[in-house]
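Note that the coordinates shown come from a computational prediction; the quantities given were computed from them, not determined experimentally. Both counts, for ligands and for their atoms, begin at 1 and track the order of listing.
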Amino acid sequence: MARVTSSIAWQDVETVLVDMDGTLLDLAFDNYFWRRLVPADFARLHDMSIEDAERDLAARYERLQGRLEWYCIDYWSRELRIDIRMLKWQHRHLIQYLPRAPEFLASVRARGKRLLLVTNAHRGALELKVAQTGLDRHVDGMVSSHDLDAPKESAEFWPLLQRRETFDPARTILIEDSLPVLSCARTYGLGGTIAVRRPDSQQPARVVQEFPAVDGVGELV
Ligand SMILES: [Mg+2]
């Protein structure tokens with residue numbers, strides 16, 4: 001598989017957009033949270049088996065994939081009648097950086113590039129992750145797609161982001177684990193789109209063919 005490092009021509013890059021969950025932070029937390037903790041609570045609440053709860057929730061998740069509600073803590077708290085915010089805070093000690101992610105962030109800034117965190121995470125989830133990791137200290141700015149009222153995997157998102165943050169798309173790269181988001185960014189005309197093959201440290205790396213890819217951002221240091 002082609003290595004990506006040689007394809008980043010740093011001299012042509014002004015702005016680096018970087019995703020949070022699955023790119024900087026280990027998606028193992030989110031997967032454990034939504035696939036284990038929430039079903040366990042839901043089963044208790046509705047007096048059903050864990051298996052039934054998992055099936056019920058999987059169907060609900062499926063319906064909303066790629067929509068802003070999918071990322072909205074308030075939506076899920078209402079829909080499931082579970083205090084999602086509190087449940088997340090109770091398990092915040094499980095939130096971890098992916099290997100060498102802080103080193104990667106430091107290296108981008110050492111190159112003098114503008115570094116923006118761009119996430120679909122709800123402001124509440126973002127706050128929690130920032131409180132737990134100190135991520136905000138390593139970037140020049142943070143944007144939640146909820147502020148722009150469009151998810152990153154929608155065509156509307158990119159011009160809205162560009163208007164708000166003023167960057168030259170051709171001199172901007174995105175590093176991200178979601179392939180639909182990378183597709184949208186490429187269509188919009190970003191100068192580079194790099195995929196992360198291994199967003200969850202507990203899972204094997206995925207095969208990615210549509211984009212230059214790295215197992216993790218540590219490879220880009
Ligand atoms: Mg992600």
Check your understanding: Taking it one step at a time, do N120 and E153 satisfy side chain to side chain donor-acceptor pair (under 3.5 Å)?
Key -> CA-CA 9 Å; N120 271 327; E153 52 273 69; 2.9 Å; yes
Practice item. Could you count the protein N, O or S atoms found under 2.8 Å away from the Mg ion (ligand 1)? Key: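 Excluding waters, the total comes to 3.
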Review point. Roughly how far apart are D147 CG and M142 CE, rounded to 0.5 Å?
Key: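 Rounded to the nearest 0.5 Å, the CG-CE separation comes out at 10.0 Å.
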Practice item. Verify the neighbour count for atom CZ of R35: are there more than 12 heavy atoms of other residues, nucleotides or ligands below 6.0 Å? Key: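 Open: at most 12 neighbouring heavy atoms sit under 6.0 Å from CZ of R35.
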Check your understanding: How about W76 and Y71: are their ring centroids closer than 6.0 Å?
Key ->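 When the ring centroids of W76 and Y71 are compared, they turn out to be at least 6.0 Å apart.
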Exercise for review: State, with a plain yes or no, whether a side-chain heavy atom of Y61 is found less than 4.5 Å away from one of D56.
Suggested key: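 The answer is no; the side chains never approach within 4.5 Å.
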Exercise for review: Could you list all the salt bridge (Lys or Arg N to Asp or Glu O under 4.0 Å) pairs where at least one residue sits in residues 125-135, not counting sequence neighbours?
Suggested key: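 Listed once each, the pairs are D21-K129, D30-K129.
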